[in-house]
Every structure is written in structure tokens, then in C-alpha cells.
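Because the structure is a prediction, the values reported are computed rather than measured.
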Amino acid sequence: MTARLDAVFAALADPTRRRILSMLLEDDMAVTDVAEPFEMSLAAISKHLTVLTNAGLISQDKRGRVKWCKLEPDALREASIWMQAFGQFDQFDLDGFERFLEQELAPPTETPDS
């Protein structure tokens, strides 16, 4: 499970790949249609699609001469379950935590001897 989660999160870390996934929410798309809105080569898009495929987030199949991409939403299920475990905690007060750390990590102040 860890390797699969690592692959999913690594794939999701890139904004181009997240945008591709958003595009595929609408419908299956031909690789050339996926590449169209991006200012990069078809080879670069193919590399992104390979990462998404290896993570199980999309599948690719050939229909005639055209390669199609399809979103595989079940691949996000494990990642979603893993992230939901963190929802059981109360919202964390980051500002308060930062103030606490500043106090704890501050060099000790010398007090005059009385």
C-alpha cells in the first residue's frame, strides 16, 4: 500500500498532472486533446500521462489509431482514506504553535541575581 500511496502523491504533486486529471473528470480524451491546452511537446505530455498511468490514476487504451485516456477515480480511494485519518484531529492553531516554539527555542534570558 505504501508504494501505491507514494506513486499517487508523487503524481498529484505536479500541477500539470493535476490539471490533466481535472480535464479527464469531464470525459475520456485522446492524448492529442489532452496535450492541446499545454505549451509543451506531445512527448512531455506523454511522460506526464505515463506517471499518471503508473500511479493508477488514469488508464490508456488504443481505439483505432488514437490513444485515449480515462480517469480511474478508484485509485484515489486509498489516498482519500489515508488523508481522512487526519480529519479526526481538531484544527491546529499554527499561530499559537509558532508562538510556543519561539518561546521554547528562544535563548534563555539572563536574570540579574537578587
Side-chain angles (χ1 to χ4, degrees):
M1 182 170 120
T2 301
R4 271 194 309 240
L5 273 179
D6 290 347
V8 168
F9 285 121
L12 294 174
D14 185 273
T16 299
R17 292 191 285 266
R18 290 193 306 270
R19 187 166 168 210
I20 291 169
L21 291 175
S22 294
M23 292 166 53
L24 292 173
L25 277 171
E26 301 295 320
D27 201 3
D28 299 357
M29 296 177 74
V31 170
T32 54
D33 293 333
V34 171
E36 187 177 311
F38 297 97
E39 293 185 18
M40 62 180 74
S41 68
L42 188 57
I45 289 295
S46 291
K47 288 181 182 181
H48 284 293
L49 294 175
T50 298
V51 171
L52 291 169
T53 301
N54 291 341
L57 294 169
I58 68 168
S59 59
Q60 296 184 63
D61 63 11
K62 243 183 170 176
R63 299 179 199 163
R65 292 182 167 184
V66 179
K67 197 170 197 178
W68 287 81
C69 301
K70 176 183 178 186
L71 183 67
E72 297 294 341
D74 287 344
L76 288 173
R77 180 171 290 133
E78 283 183 38
S80 178
I81 291 169
W82 184 84
M83 288 185 298
Q84 285 175 7
F86 294 98
Q88 65 184 326
F89 302 108
D90 291 335
Q91 288 295 324
F92 198 70
D93 178 12
L94 291 177
D95 291 332
F97 184 61
E98 183 177 14
R99 286 189 301 273
F100 168 77
L101 285 177
E102 285 173 355
Q103 289 174 349
E104 290 297 310
L105 299 176
T109 55
E110 291 185 29
T111 56
D113 290 335
S114 312

Chemist: Sequence neighbours left out, what passes side-chain contact (heavy atoms from CB on, under 4.5 Å) with P37? Give chain and number order.
Modeler: R19, M23

Chemist: Can you name the closest pair of heavy atoms from L49 and C69 and give their distance?
Modeler: CD1-SG, 3.8 Å

Chemist: Once rounded to the nearest 0.5 Å, what's the spacing between atom CD1 of I45 and atom OG1 of T16?
Modeler: 6.5 Å

Chemist: Measure the spacing between CG of D14 and CG of L21 and express it to the nearest 0.5 Å.
Modeler: 10.0 Å

Chemist: Between L76 and L12, does the side-chain contact (heavy atoms from CB on, under 4.5 Å) criterion hold? Intermediate values first, please.
Modeler: CA-CA 10 Å; L76 288 173; L12 294 174; 3.9 Å; yes

Chemist: Please list all pairs meeting side chain to side chain donor-acceptor pair (under 3.5 Å) that have one or both residues in residues 36-55, counting only residues at least two apart or in different chains.
Modeler: R17-H48, T53-Q60

Chemist: So among I58, L24, L71, which one has a side-chain contact (heavy atoms from CB on, under 4.5 Å) with M29?
Modeler: L24

Chemist: Output every pair passing ring pair (Phe, Tyr, Trp, His ring centres under 6.0 Å) with a member in residues 3-44, not counting sequence neighbours, ordered by first then second residue.
Modeler: F9-W82

Chemist: Listing request: all side chain to side chain donor-acceptor pair (under 3.5 Å) pairs with a residue in residues 67-76, at least two apart in sequence or in separate chains.
Modeler: S59-E72, D74-R77

Chemist: Shortest non-hydrogen contact from I20 to L52?
Modeler: CG2-CD1, 3.8 Å

Chemist: What residues form a side-chain contact (heavy atoms from CB on, under 4.5 Å) with A75, not counting sequence neighbours?
Modeler: L57

Chemist: Is it possible for you to say whether M83 and L5 belong to one hydrophobic cluster, with membership spreading through side-chain heavy-atom contacts below 4.5 Å?
Modeler: yes

Chemist: Going by the rule salt bridge (Lys or Arg N to Asp or Glu O under 4.0 Å), which residues pair with D61 if we only count those two or more places apart in sequence or in a different chain?
Modeler: R63

Chemist: Are M40 and L42 connected in the hydrophobic side-chain network, where two residues link if heavy atoms are under 4.5 Å apart?
Modeler: yes

Chemist: Does V51 sit in a hydrophobic cluster with other residues, and if so which ones, taking ILVMFWY side chains as linked at heavy-atom separations under 4.5 Å, directly or through other members?
Modeler: none

